[in-house]
Amino acid sequence: MDPVSTSQTAPVAFLKGHGTENDFVIVPDPDNVIDLPSRAVAALCDRRAGIGGDGLLHVVRSAAHSEARAMAGEAEWFMDYRNSDGSIAEMCGNGVRVFARYLQRAGHVTAGDLAIATRGGVKRVHLAKSADHATGAEDGDITVRMGRAVLPDDGVTVAVGGREWPARNVNMGNPHAVAFVDELAHAGNLYSAPPVSPASVYPDGVNVEFVVDRGPRHVALRVHERGSGETRSCGTGACAVAVAAARRDGVDPAVTGAPVTYTVDLPGGRLVITEHPDGEIDMTGPAVIVAEGYLDPAWLETASSTRPEARSNG
């Protein structure tokens with residue numbers, strides 16, 4: 001079923017978690033009975049008046065959600081992901097890891113392999129028990145098979161404060177513009193979205209990554225996520241950066257026949273990205289649940305009805 005009423009009569013459970021400091025409000029709702037309009041999501045993600053987060057993970061069984069029923073045969077659980085402004089998003093790589101950690105904590109899954117449905121398709125996930133020498137995962141890390149990157153030929157340019165750079169257009173189920181710069185400070189404050197031209201390439205907005213080299217197969221980035229502003233980490237962004245770096249460095253696995261791994265440093269931590277010759281991309285990193293509690297239903301009802309609707313970024 002899909003939720004039909006904004007009225008909440010009982011406390012609503014929530015958790016708070018993060019993946020390399022990309023933080024999320026988690027709302028478990030297996031039967032999809034909690035209505036979460038964009039106003040409520042924006043209120044929950046508000047860092048002063050709400051719980052605070054870069055986004056919200058609505059945990060629903062795939063069979064109970066109209067956008068995921070077709071994937072229910074492959075994945076029991078659907079990550080109904082929202083940006084912090086309430087808009088709907090296709091995918092969030094860090095969010096998938098935190099979503100998987102919640103499922104493990106709640107006893108729905110155990111360490112090993114599982115599948116999670118997202119608007120960007122079904123994602124394959126591996127939860128490490130301990131040091132996993134086969135994948136290189138550290139104790140407790142989570143690896144997500146992120147799918148294949150699409151690299152449209154559109155030439156795009158990113159500009160900040162009078163500087164501009166050519167950017168690589170990479171789609172990881174959501175759109176990215178990857179610009180290699182000399183210093184991360186050149187990205188500016190990232191309070192607002194950096195101008196990308198031509199704007200027609202990204203009619204629904206774009207995530208913009210600014211990247212510097214730290215060493216062989218080692219990069220660092222800052223990112224402006226559409227609908228959220230600058231965040232401490234972006235999983236799909238780290239994948240997009242690794243793909244763009246591999247093409248720049250002449251080590252496209254589809255050409256060389258060998259997988260390539262990049263270490264990607266983000267303000268909130270480190271992710272390890274491996275692209276395989278078949279184009280599949282693995283992302284490995286931590287995920288932590290830090291708190292859980294209950295929302296006041298009266299507060300949620302007020303938040304659902306009084307805050308302005310957020311603009312959808314698609």
Side-chain angles (χ1 to χ4, degrees), residues 13-31 53-65 68 71-81 91-118 120-147 172-173 232-236 238-239 242 259 261-264 266 268-276 278 280-293:
F14 80 93
L15 299 92
K16 179 71 182 287
H18 76 91
T20 50
E21 297 183 12
N22 196 186
D23 63 334
F24 307 94
V25 179
I26 305 160
V27 179
D29 183 22
D31 297 322
D54 292 322
L56 182 141
L57 307 176
H58 184 206
V59 184
V60 184
R61 282 196 167 89
S62 298
H65 200 289
M71 295 180 277
E74 291 184 76
E76 180 181 2
W77 296 96
F78 172 56
M79 185 181 79
D80 175 16
Y81 179 66
M91 240 292 287
C92 175
N94 288 321
V96 172
R97 296 201 320 279
V98 174
F99 191 95
R101 182 68 80 211
Y102 163 74
L103 293 178
Q104 183 183 40
R105 179 189 179 100
H108 296 306
V109 302
T110 59
D113 298 326
L114 71 145
I116 295 173
T118 76
V122 175
K123 303 302 176 185
R124 307 292 170 180
V125 180
H126 178 80
L127 294 87
K129 292 181 181 178
S130 57
D132 189 332
H133 301 295
T135 65
E138 296 179 0
D139 187 19
D141 277 0
I142 296 175
T143 298
V144 181
R145 177 58 59 94
M146 297 290 288
M172 287 297 308
R232 300 286 292 171
S233 181
C234 177
T236 55
C239 294
T261 297
Y262 279 81
T263 297
V264 181
L266 307 108
R270 175 171 288 180
L271 296 172
V272 177
I273 311 298
T274 298
E275 185 180 8
H276 298 276
D278 64 359
E280 289 288 345
I281 298 168
D282 290 339
M283 175 188 64
T284 299
V288 181
I289 304 296
V290 299
E292 59 182 316

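All values below come from the heavy atoms of this structure, side chains included, with hydrogens, waters and symmetry mates left out.
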Item to check | Derivation and outcome, side-chain contact (heavy atoms from CB on, under 4.5 Å), residues Met79 and Lys123 | outcome: CA-CA 10 Å; Met79 185 181 79; Lys123 303 302 176 185; over 6 Å; no
Checklist entry - Looking at residues at least two apart in the chain, or sitting in another chain, which of them share a ring pair (Phe, Tyr, Trp, His ring centres under 6.0 Å) with Tyr262? => result none
Considering non-hydrogen atoms only, spot the tightest contact between [X] and [Y] and give its length.
X      : Y      : answer
Ala242 : Ile273 : CB-CG2, 3.6 Å
Leu266 : Cys234 : CD2-N, 3.6 Å
Thr236 : Met146 : CG2-CE, 3.5 Å
Val264 : Ala238 : CG1-CB, 3.9 Å
Ala75  : Val122 : CB-CG1, 4.2 Å
Leu271 : Ser233 : CD1-OG, 4.2 Å

Using 0.5 Å steps for rounding, measure from the [atom1] atom of [X] to the [atom2] atom of [Y].
X      : Y      : atom1 : atom2 : result
Arg101 : Leu127 : CZ    : CG    : 6.0 Å
Asn22  : Arg232 : CG    : CZ    : 10.5 Å
His58  : Ile26  : NE2   : CD1   : 12.5 Å
Lys16  : Leu57  : NZ    : CG    : 11.0 Å
Cys92  : Arg97  : SG    : CZ    : 8.5 Å
Asp31  : Arg61  : CG    : CZ    : 6.5 Å

Checklist outcome for this item: Those residues at least two apart in sequence (or on a different chain) that pass salt bridge (Lys or Arg N to Asp or Glu O under 4.0 Å) with Asp54 are Arg47
What residues form a side-chain hydrogen bond (donor to acceptor under 3.5 Å, both in side chains) with [X], not counting sequence neighbours?
X      : result
Thr118 : none
His108 : none
Thr263 : none

Any side-chain heavy-atom pair of [X] and [Y] under 4.5 Å:
X      : Y      : answer
Arg105 : Glu292 : yes
Tyr81  : Phe99  : no
Gln104 : Ile142 : no
Asp23  : Asn94  : no
Thr143 : Thr274 : no

Checklist entry - Can you name the side-chain contact (heavy atoms from CB on, under 4.5 Å) partners of Arg145, sequence neighbours left out? => result Arg124, His276, Glu280, Asp282
